[in-house]
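Encoded as structure tokens, the structure appears first; notes follow it.
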Amino acid sequence: MGKIKEALFSVSKEEFEAQIWPELEIELRVVMEEEAAPPPGGGPGGGLSMNFDSLTAVTVIVAVIPHHLDKEVPAEKVIREGGYASIDDFITDIKPKFLKLCSDLKKDKVEEQGTT
């Protein structure tokens, strides 16, 4: 028998993409841009420029995600080791990983209908 994957989030993939991801992506971009911004008075941007390490990505995820999903995300499931070359690289990498953590309610309903 195959391994049953239990979703971390009860929200469906469709609901995540339509209702949660748009706002989540905006907030992630804002926070990452703040991390990369130069400190008051000038100088190099937060030591990050537009690339950043995985620790910074974890810090952002831990701070932002609970506001949108009411649950913390295990960083090892979404953050790539070695960091990211840009904010776009970060966003592109994490979105499919978040989708994998959502329930597949549509699929579950089809399977239930097939067994009744």
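Since we're looking at a predicted model, the values are computed, not measured.
The distance from the CD atom of E23 to the CG atom of L28 is 12.0 Å, given to the nearest 0.5 Å. Within the model, atoms CG of L24 and CD of E17 stand 12.0 Å from one another, a figure rounded to the nearest 0.5 Å. Going from atom OG of S86 over to atom CE of M32 covers 9.5 Å, rounded to the nearest 0.5 Å. Considering CD1 of I20 and NZ of K13, their distance stands at 14.0 Å, rounded to 0.5 Å. Atoms CD1 and CD, from I65 and E27 in turn, are 8.0 Å apart once rounded to the nearest 0.5 Å. To the nearest 0.5 Å, the span separating OG on S54 from CD1 on I61 amounts to 12.0 Å.
Of all the heavy atoms in I94 and V78, the pair that sits closest is CG2-O, 3.5 Å. Nearest heavy atom pair, residue I79 against residue A57, reads CD1-CB, 3.8 Å. The minimum heavy-atom distance linking C102 with V11 is given by the pair CB-O, 3.3 Å.
Every residue two or more places apart in sequence or in another chain was checked for a salt bridge (charged side-chain N to carboxylate O under 4.0 Å, His left out) with E72, and none qualifies. By the side chain to side chain donor-acceptor pair (under 3.5 Å) test, D89 is found to be paired with R80, residues two or more places apart in sequence or in another chain being considered.
Heavy-atom contacts from other residues, nucleotides or ligands closer than 6.0 Å to CD of E81 number 12 or fewer. Heavy-atom neighbours of K77 NZ from other residues, nucleotides or ligands within 6.0 Å: at or below the threshold of 12.
In this structure, the side chain of S12 does not engage the main chain of S103 through any donor-acceptor pair within 3.5 Å. At distances below 3.5 Å, not a single donor-acceptor pair connects side-chain atoms of T56 with backbone N or O atoms of F52.
The aromatic rings of W21 and F16 sit tilted relative to each other, their planes meeting at an angle between 30° and 60°.
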For R29 and E25: C-alpha separation, side-chain torsions, deciding distance, then whether salt bridge (charged side-chain N to carboxylate O under 4.0 Å, His left out) applies. CA-CA 6 Å; R29 286 182 182 279; E25 180 181 2; 3.1 Å; yes
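Residues Y84 and V62 share a single hydrophobic cluster, defined by chaining ILVMFWY side chains whose heavy atoms lie under 4.5 Å apart.
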